[in-house]
2 protein chains.
Amino acid sequence: MGKDNRNSTQVLKDAKLSNTKIRKSILEFLMQNHGPFSIDDIHKHISNGDYATVYRCIKKFEEHEIVKKCDFGDNISRYEYKDCNHHHHHIMCRSCQKITTVEYCFLKEMEKMLTDQGYKDVSHTLEFFGICQDCQNE
Amino acid sequence: MGKDNRNSTQVLKDAKLSNTKIRKSILEFLMQNHGPFSIDDIHKHISNGDYATVYRCIKKFEEHEIVKKCDFGDNISRYEYKDCNHHHHHIMCRSCQKITTVEYCFLKEMEKMLTDQGYKDVSHTLEFFGICQDCQNE
DNA sequence: TAAAAAACGCAATTGACTTGCATTTTTTAG
DNA sequence: CTAAAAAATGCAAGTCAATTGCGTTTTTTA
């Protein structure tokens, strides 16, 4: 899935970020496991490091587009390693919160596919982001 | 836009919710104005009522599917009146946070349309929700 | 119209996330 | 390689959207 086969050290170097134990540890967890993961998930899987540090690392990763933030509207931010060549979405169970990857990519067809897979009451949220004309002219 | 021409009192009655001044006031604001709106926006536009009450009203409205929650990942929930017959999306400027309605509905085509309209660096978030097999069998 | 149920207002609380600051680690420059 | 500079960490305290407890007020029910 995707063409990115750099290791964590190389990714950090490419982003011009210092290579610390904790950053390496977080990044490797994200690169080797299928997310998205909450800060809590990440914190559990690294040997040491407090929450503030995890938050700060992830924020840096996000700024440098190493990870992608996923928002499921439950007030918990989740993150996954951003493999540039792999476009996909997610489905979260409204009941147990389990998150599964969705490879297919058109709205109604996607919802139908999810229904065919056994999900019930499928819905979606879609929001766009961009820089508006006003802001471009500032 | 849409076929819902009930008034606020009727909407509350249909949902079996008590008709209080504040609920009526919030609902009318949402029905007469183009959202989505934050709790702060809503609070500003109703004559009295504290924040806790606004939060509680909106939560009730959401539970009864009178309003729809929109999440733009900035940790502020926004709500719009849920006109069942009008499917649409939004675009928020990453710079000034202004929110505009998007009527069209396919991903790449939508992004292109937004670019044609003058938005720059357009991206989107799309998440699905449903009840998974495991939860259906509980 | 009185009793029961629901909603309100206020203050305190929660929980995800952030920040200030002293200490430690990593990077840079000689 | 090493010392100074820069950046990251750990801890504690703080922020902010949202929630909750509880006594009072409003709305609904019978």
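Numbers restart at 1 for each chain; the letters A, B, ... are given by sequence-line order, proteins then strands.
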- Query: Can you name the nearest heavy-atom pair linking A/M31 to A/V11, along with the distance?
  - Reply: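 In this case the closest contact between A/M31 and A/V11 is CE-CG2, 3.9 Å.
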- Message: What verdict does the side-chain contact (heavy atoms from CB on, under 4.5 Å) test give for B/K13 and B/N19, after you've listed the backbone C-alpha separation in whole Å, the side-chain angles of each residue and the deciding distance to 0.1 Å?
- Response: CA-CA 7 Å; B/K13 185 174 275 180; B/N19 188 354; over 6 Å; no
- Task: Show your reasoning for whether side-chain contact (heavy atoms from CB on, under 4.5 Å) applies to B/R23 and B/F61.
- Result: CA-CA 9 Å; B/R23 282 191 181 163; B/F61 288 176; 4.0 Å; yes
- Task: Any chance you could measure B/F72, atom CZ, to B/M92, atom CE, to the nearest 0.5 Å?
- Result: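 Nearest 0.5 Å value for the CZ-CE distance: 5.0 Å.
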- In terms of the nearest nucleotide of DNA chain C, which residue is placed more toward the 5' end: B/T53 or B/N75?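 The answer here is B/T53.
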- Which word best sums up how the rings of B/F37 and B/H45 line up, parallel for under 30°, tilted for 30 to 60°, or perpendicular for over 60°?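 Answer is tilted, since the angle falls between 30° and 60°.
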Specify the separation, in whole Å, of atom [atom1] of [X] and atom [atom2] of [N].
X	N	atom1	atom2	result
B/I46	C/dC8	CD1	C1'	11 Å
A/R23	C/dT24	CZ	P	19 Å
A/I26	D/dA8	CD1	P	12 Å

- Query: For every nucleotide of nucleotides 25-30 of chain C, 5' to 3': is a protein heavy atom under 4.0 Å from its base (B), only from its sugar-phosphate (S), or from neither (-)?
  - Reply: -SS---
- Message: Side chain of A/C57 only, heavy atoms from C-beta on: which candidate in C/dG9, D/dT9, C/dC17 is closest?
- Response: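 It is D/dT9.
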- Does a side-chain N or O from A/S77 land closer than 4.0 Å to OP1 or OP2 of C/dA16, or not?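 Checking C/dA16 against A/S77, no side-chain N or O comes under 4.0 Å of OP1 or OP2.
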- Task: Please check if the side chain of B/H43 supplies one atom and the backbone of B/I39 the other of a donor-acceptor pair under 3.5 Å.
- Result: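 Not confirmed, B/H43 side chain does not pair with B/I39 backbone.
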Check: protein-nucleotides 19-23 of chain D nitrogen or oxygen pairs below 3.5 Å:
residue : atom : partner : partner atom : Å
D/dG21  : O6   : B/R56   : NH1          : 3.3

- Just report the end-to-end axis angle for the helix from C/dT1-D/dA30 to C/dG30-D/dC1, five pairs per end, to 10 degrees.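 Taking five pairs per end, the axes differ by 40°.
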